[in-house]
J.: 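Sharing a structure here in structure tokens format.
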Amino acid sequence: MRVPSPPLTNPARPTADPGADGFRRARSRPSDVPGPSVRGSPQPSGGSKADRPPRAKPGPCRLGRRTLAAALAALAAGAVGSPRAETLEGSLARAYRANPELNATRASLRATDEEVALARAGYRPTVAADADAGVRNVQGAAGGERLARTSFPRGAGLTVEQTLFNGFQTDNDTRRAESNVLGQREALRFAENTLLFNAAQAYMDVLRDTAAVELNRNNIAVLEEQRRQTTLRFRLGELTRTDAAQADARLAGARSQLSAAEAQLRARTGVFRQVIGVDPRRLAPGRPLDRMVPPRLDLALGMGLAEHPRILSALHAVDAAEAQAKVVEGRLYPRAGASGVVQRRRDEEEPGDDVLAAGFVGQVTVPIYEGGQVYAQVRQAKEQVAQARIEAEQVRDAVRAGIVAAWAQLEASKAQVAASQAQVQANEVALAGVREEARAGQRTTLDVLNAQQELLNARVGLVVAQRDRVVFSYGVVQALGRLTARLAELPVAPYGAKAHYDQVKDLWAGLRTPDGR
């Protein structure tokens, strides 16, 4: 049975007892373990600091649960000044509305819609009007008489041509254009899937890296306190220079890790701005999209293979290729058309001439042989149909593999969250034990530093695991092709791809686009 994992809200909570959500709840802190302190152990009570230096035992300067709580605050807090937190769903909606890459794909679909109007133009007549005017001057002699006259021949005409039969080329060209439109709609849906997944990943990456920065900052505070105590004990002769050097080295390494974490956070912030369109401010915790994940892998495969936009787009490409092959084949069929002409001429031969003429012509053309060019084009088009079918099978296999991989990642992330929570708890207990043993002289400073580092690594690993838990749930839905604004119920009006098509498919004239451009 699939068990949902908790959202990336509190990566500091180690688990021990199973809860209603299927994960283990945090146990209370044992009474003999001192409470956590971000800055290390408290000063001894009584007397001044000068009179009473720290005793020759390590204080409980530890990377405790409050340290991870500070990381949680970083997960949900960004720059000061935002009235309320930005949610994951709100960020996805913002990206859906304004992402330039998605808007470019929508514009491409609108341009593809016009292919249907272009194809349907073959059903309609073409009308052309012409007019001319000139001057004619005649000088000379004819029949013993001298001629000297000037005339102004002029006229206007109207020509109407209509295709009656062209080997069903217009029908098949319209089918091809409609298949292209349907395929481009699926391409838009796939682009929407990809964008929303990238936006969710960018959102969770910022949360993860913000938490990592907070954990590393608090680790530095703990190590600074550890170094201070180690230095004092070294001066008192209780520790060696090696112990002091180990504390210094570990602190320098922690500062290096913090610099790397801050650099990665800045990079992720740039990606967030690129995908979602604004800088991250106050980010609320993200939650997995488990409600859209099928309960079993076989159901996910059936759903994805039936609905994935890449598969449907490839199938529409097959339809378009078949229609194109019939368009080419139609060039071998007879063609029939009709045309009508109306003209009026004045002063054509003599001044005062006024002639009105009208005519109607029907024409039939039967192609007999065109050098084999059309036959080769038909064979070529049929091979392109076969190619499109093979590519559709390749896409189907790729989608199947993507679903299986995404499913495996999600299942692994659930196990990693549980394991990371247990690891954090075990490291907390181990760190407390190492400190107690160090007080008794059974452990060295290096042992304490190593235990603190292992606890830090475990907590960072828990943050990463919970980030993966959310992202991989979106990854499964994206692999199914169902990560859309409508199905995910995002707080945004879905883009109506059919609205523009209905506006332009039967337009006979007009230069303005439906949006007024």
Side-chain angles (χ1 to χ4, degrees), residues 101-122 166-197 301-332 374-406 477-484 486-487 494-502 504-505:
E101 184 176 357
L102 185 59
N103 284 333
T105 307
R106 290 168 179 163
S108 177
L109 172 60
R110 293 193 295 270
T112 306
D113 290 341
E114 297 291 350
E115 291 186 11
V116 177
L118 289 172
R120 290 186 176 182
N166 62 354
F168 306 106
Q169 291 185 60
T170 302
D171 294 343
N172 292 314
D173 197 33
T174 301
R175 284 182 47 218
R176 178 197 60 79
E178 291 172 345
S179 296
N180 284 340
V181 169
L182 294 175
Q184 188 64 26
R185 288 182 188 174
E186 297 301 328
L188 174 61
R189 192 158 67 93
F190 179 68
E192 180 181 345
N193 269 261
T194 303
L195 169 69
L196 294 181
F197 175 74
L301 289 172
M303 186 180 300
L305 295 178
E307 300 181 11
H308 198 281
R310 287 188 61 198
I311 295 177
L312 298 181
S313 179
L315 295 178
H316 288 309
V318 173
D319 294 339
E322 290 176 343
Q324 179 61 27
K326 293 181 179 180
V327 169
V328 178
E329 188 175 352
R331 299 173 188 171
L332 299 174
V374 177
Y375 298 102
Q377 290 174 341
V378 171
R379 295 193 302 270
Q380 182 186 50
K382 290 181 178 179
E383 293 296 339
Q384 289 171 344
V385 172
Q387 177 187 355
R389 287 174 178 160
I390 295 172
E391 290 175 347
E393 290 302 317
Q394 290 177 334
V395 170
R396 191 186 302 273
D397 292 340
V399 168
R400 179 189 296 273
I403 293 173
V404 173
V477 181
Q478 190 258 354
L480 299 177
R482 296 174 59 84
L483 188 56
T484 63
R486 181 178 61 84
L487 295 179
Y495 177 77
K498 190 174 180 295
H500 180 268
Y501 173 80
D502 292 335
V504 302
K505 65 179 181 179

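This is a predicted model, so every value here is computed, not measured.
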J.: For a side-chain contact (heavy atoms from CB on, under 4.5 Å) with Thr174, tell me which candidate from Lys505, Gln169, Glu115, Arg120 qualifies.
T.: Arg120
J.: Are Gln387 and Glu391 close enough that a side-chain donor and a side-chain acceptor fall under 3.5 Å?
T.: yes
J.: Return the CD1 to CG distance between Ile311 and Asp397, rounded to the nearest 0.5 Å.
T.: 9.0 Å
J.: Among Asn172, Val378, Asp171, which residue satisfies the side-chain contact (heavy atoms from CB on, under 4.5 Å) criterion with Lys326?
T.: Asn172
J.: For Glu393, give me all partners under salt bridge (charged side-chain N to carboxylate O under 4.0 Å, His left out), at least two apart in sequence or on another chain.
T.: Arg396
J.: Could you measure the distance from the CD atom of Glu178 to the CG atom of Asp173? Nearest 0.5 Å is fine.
T.: 10.5 Å
J.: Are any of the side-chain heavy atoms of Val504 and Glu114 separated by less than 4.5 Å?
T.: yes
J.: With a sphere of 6.0 Å drawn around CZ of Arg331, does it hold more than 12 non-hydrogen atoms of other residues, nucleotides or ligands?
T.: yes
J.: Is there side-chain contact between Arg189 and Leu312, with heavy atoms separated by less than 4.5 Å?
T.: yes
J.: Report the C-alpha distance between Arg400 and Leu301 in whole Å, list the side-chain angles of each, state the deciding distance to 0.1 Å, and finish with yes or no for side-chain contact (heavy atoms from CB on, under 4.5 Å).
T.: CA-CA 7 Å; Arg400 179 189 296 273; Leu301 289 172; 3.9 Å; yes
J.: Closest approach of Ala479 and Ala406, non-hydrogen atoms and distance?
T.: CB-CB, 3.9 Å
J.: How long is the gap from CG on Asp113 to NZ on Lys498, to the nearest 0.5 Å?
T.: 10.5 Å
J.: Between atom OG1 of Thr105 and atom CZ of Arg185, what is the distance when rounded to the nearest 0.5 Å?
T.: 15.5 Å
J.: Leu188 and Tyr495: side-chain contact (heavy atoms from CB on, under 4.5 Å), yes or no, with the steps?
T.: CA-CA 10 Å; Leu188 174 61; Tyr495 177 77; 4.0 Å; yes
J.: Closest heavy-atom contact between Asn180 and Ala320?
T.: OD1-CB, 3.3 Å
J.: Taking the side chain as every heavy atom from C-beta outward, state whether Leu480 and Glu307 have any pair of such atoms under 4.5 Å apart.
T.: no
J.: Contact between Leu332 and Tyr375 at the side-chain level, heavy atoms closer than 4.5 Å - yes or no?
T.: yes
J.: Nearest heavy-atom pair of Val181 and Val116: which atoms, and what distance?
T.: CG2-CG2, 3.8 Å
J.: To the closest 0.5 Å, what do you measure between CZ (Arg482) and OG1 (Thr484)?
T.: 7.5 Å
J.: Of the non-hydrogen atoms in Gly481 and Asn193, which two are nearest, and what is the gap between them?
T.: C-OD1, 3.1 Å
J.: Atom CG in Asn103, atom OG in Ser108: separation rounded to 0.5 Å?
T.: 12.5 Å
J.: Using modelled atom types only, decide if a donor and an acceptor are shared between the side chain of Thr194 and the backbone of Phe190 within a distance under 3.5 Å.
T.: yes
J.: Could you pull out the closest heavy-atom pair between Ala321 and Gln384, with the gap in Å?
T.: CB-O, 4.3 Å
J.: How about Glu192 and Leu195: do any of their side-chain heavy atoms sit closer than 4.5 Å?
T.: no
J.: So, Glu322 and Arg389, do they make that salt bridge, N to O below 4.0 Å?
T.: yes
